[in-house]
Protein chains: 2
Amino acid sequence: MEGGPTDSAPLVNRRVVLAARADGRPVTLENFRIEDCPVPELAEGELLVRNRFLSIDPYMRGRMDGARSYAKPVEIGEVMVGGTVGIVVASRNERFAIGDLVQGRLGWQRYAVSDGNGLSRLPELPGVPLSAYLGVLGMPGVTAWYGLNRILEPAAGQTLVVSAASGAVGSVVGQLAKAAGCRVVGIAGGAEKCAIATELYGFDVCIDYKRGHVAADLIAAAPQGIDMLFENVGGALMDAAFAHMNPFGRVAVCGLISGYDGGGTPLNQVRSILVNRLRVQGFIISDHPDVWPEALRDLSARVTAGTLKWRETIAEGIDAAPQALIDLLAGRNVGKQLVRLDPAH
Amino acid sequence: MEGGPTDSAPLVNRRVVLAARADGRPVTLENFRIEDCPVPELAEGELLVRNRFLSIDPYMRGRMDGARSYAKPVEIGEVMVGGTVGIVVASRNERFAIGDLVQGRLGWQRYAVSDGNGLSRLPELPGVPLSAYLGVLGMPGVTAWYGLNRILEPAAGQTLVVSAASGAVGSVVGQLAKAAGCRVVGIAGGAEKCAIATELYGFDVCIDYKRGHVAADLIAAAPQGIDMLFENVGGALMDAAFAHMNPFGRVAVCGLISGYDGGGTPLNQVRSILVNRLRVQGFIISDHPDVWPEALRDLSARVTAGTLKWRETIAEGIDAAPQALIDLLAGRNVGKQLVRLDPAH
């Protein structure tokens with residue numbers, strides 16, 4: 001069906017657009033529409049990327065609502081936002097050549113025209129697959145690095161708790177904290193995810209919240225109390241951790257996935273903020289582009305040394321992207337959720 | 001009745017001890033017992049202070065519960081804790097002489113024996129009454145100074161909201177923030193307190209939460225959103241402010257008086273921490289003894305220049321102390337709540 005980039009026949013781009021807002025309701029396939037449309041001609045300064053992998057992330061849920069948030073919503077009919085890695089297949093931009101591997105935010109589509117802004121050429125590290133630049137060496141990895149090093153400030157011998165422990169962010173948080181000499185307690189949903197957290201990622205303990213007694217499990221898993229909390233979930237899990245925080249504890253609020261469908265995430269243990277003099281800091285990694293070089297140097301060194309591990313769940317083909325987000329929000333993925341857009345890779 | 005310090009007849013000390021814990025219930029007079037007992041002989045290194053004023057503060061409520069908190073509870077039968085100013089009436093300690101004016105934490109009693117630890121001699125600033133060292137130039141003033149300058153980091157043109165606005169802490173927060181060029185919005189209970197906040201302390205606006213529409217009032221009073229929140233109350237007031245915070249807002253959690261009687265202080269607007277990348281910091285001024293000299297230099301200069309104002313509510317006599325705390329917790333005081341222990345002053 002598709003022509004190569006040098007053919008005269010126009011290329012066809014398949015993409016996923018937002019068809020209807022989710023505003024406070026669970027996401028379904030009806031929120032999306034799959035479209036085919038021609039790839040436009042390149043203007044001077046533009047380049048064409050064939051995307052190989054699309055990253056599926058919890059923040060996407062927020063962009064599907066119309067409510068005020070830290071980023072503007074995706075409009076109805078617009079291509080869904082998302083991080084991508086791909087290959088340059090045509091270029092009228094002097095900074096990029098055909099064959100360059102690039103990372104960007106080109107959205108849920110096979111092809112994308114770009115003026116080069118926000119696009120970066122990827123290094124080719126031995127033994128590191130392209131998909132890693134959407135996970136451990138991409139936004140999730142840098143998010144983990146920033147939250148741990150710049151907010152939680154880990155100290156050897158202290159105890160860290162991280163929710164969504166086997167996920168793309170949580171797994172990096174825990175491994176970096178272990179390397180810093182911390183006791184690491186994860187919280188995840190189900191025995192399989194917990195086994196990955198302890199066996200693959202080396203967490204000291206992982207609590208399966210689906211067993212229904214997180215508060216008691218936390219007390220047992222963190223006998224010295226909790227010094228650092230990396231919060232990805234909110235709600236009851238956050239409350240259980242707040243109730244067991246130590247004086248001068250730090251909390252990095254990275255995500256509140258439990259409240260994305262409008263259920264809200266009330267915090268009952270507000271008193272712990274005062275009694276324990278907690279520092280609670282919300283953050284979004286896109287506010288901190290300055291930390292990427294330092295973070296990636298550190299993360300790349302650990303990946304090539306084999307001391308920083310990761311897992312991926314890969315959905316096949318652009319048509320599978322909506323279900324991949326639904327599965328992610330339901331916690332059905334293991335590790336980094338990706339969509340393979342280009343079947344050759 | 002009482003003899004002077006040089007008389008041979010033993011002095012009688014009247015004091016208030018904790019008779020029963022309040023654990024989760026409103027405080028009543030039955031929680032206290034008033035006792036008379038002889039003042040003991042001084043050992044070498046000790047001194048005797050006749051307390052003139054006792055400070056009544058919200059934190060005292062927390063010490064009446066048995067629950068784990070940032071300070072150990074007052075035990076049943078122990079003298080209630082509290083800040084005091086008084087005069088040295090006998091001394092076997094070379095650092096203190098008879099007639100010295102001293103500030104300390106000597107508790108709810110007329111006389112106290114001290115070994116000098118935690119006691120400081122007061123300067124005699126022209127026009128500054130002794131009672132000010134328990135308010136604007138004491139723990140409440142330094143609390144306000146620390147929370148504002150070290151946590152909220154005021155910037156000219158930004159908007160600050162402070163609850164318990166006409167209180168000993170809130171009034172100083174607002175005046176210092178005005179001096180730093182901020183827009184200052186207070187929240188207080190009742191028209192009288194609101195009038196004091198705007199007319200005496202110069203707040204831009206003060207919202208009477210008893211009128212029942214704090215959320216709408218905050219939106220009107222802070223049309224540019226809230227950059228800084230100095231939280232003394234918690235509960236619904238905290239939620240209303242969190243819902244209207246600006247990106248990169250700061251929150252100093254100084255008190256949660258709305259939850260002290262066990263009602264709890266759930267926070268529904270947790271999502272604002274993430275969406276607005278808030279920094280929320282709980283603090284207790286006793287963790288920061290290092291800031292007192294700098295804070296007091298600044299506060300004293302403003303007091304003697306007449307640019308930092310305060311109000312006091314004074315209860316007469318040690319027997320009135322329990323009711324003074326009950327009134328404070330019910331918000332019936334205006335400004336700094338004190339008890340005059342020595343009728344001569």
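Every chain is numbered from 1 and lettered A, B, ... according to where its sequence line falls, protein lines coming before strand lines.
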Undergrad: Relative to chain A, which of Val270(B), Ile151(B), Val251(B) shows the most heavy atom pairs under 4.5 Å?
TA: Val270(B)
Undergrad: What pairs with Asp287(B) under salt bridge (charged side-chain N to carboxylate O under 4.0 Å, His left out), at least two apart in sequence or on another chain?
TA: Arg277(A)
Undergrad: Do NZ/NE/NH1/NH2 and the carboxylate oxygens of Asp57(A) and Arg61(A) come within less than 4.0 Å?
TA: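 No.
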Undergrad: Which region of Leu267(B), side chain (C-beta onward) or backbone (N, CA, C, O), has a non-hydrogen atom less than 4.5 Å from a non-hydrogen atom of chain A, or is it both or neither?
TA: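 Looking at Leu267(B), backbone and side chain both touch chain A.
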Undergrad: Against chain B, label Ile273(A) side chain, backbone, both or neither, depending on which of its atoms sit under 4.5 Å from a heavy atom there.
TA: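 For Ile273(A), heavy atoms of backbone and side chain both lie under 4.5 Å from chain B.
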Undergrad: Just checking, is any N or O donor in the side chain of Arg332(B) or Gln337(B) under 3.5 Å from an acceptor N or O on the other one?
TA: no
Undergrad: Please verify the inter-ring angle class for Phe230(A) with Phe283(A); under 30° counts as parallel, over 60° as perpendicular, anything in between as tilted.
TA: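 Phe230(A) vs Phe283(A) ring planes: perpendicular.
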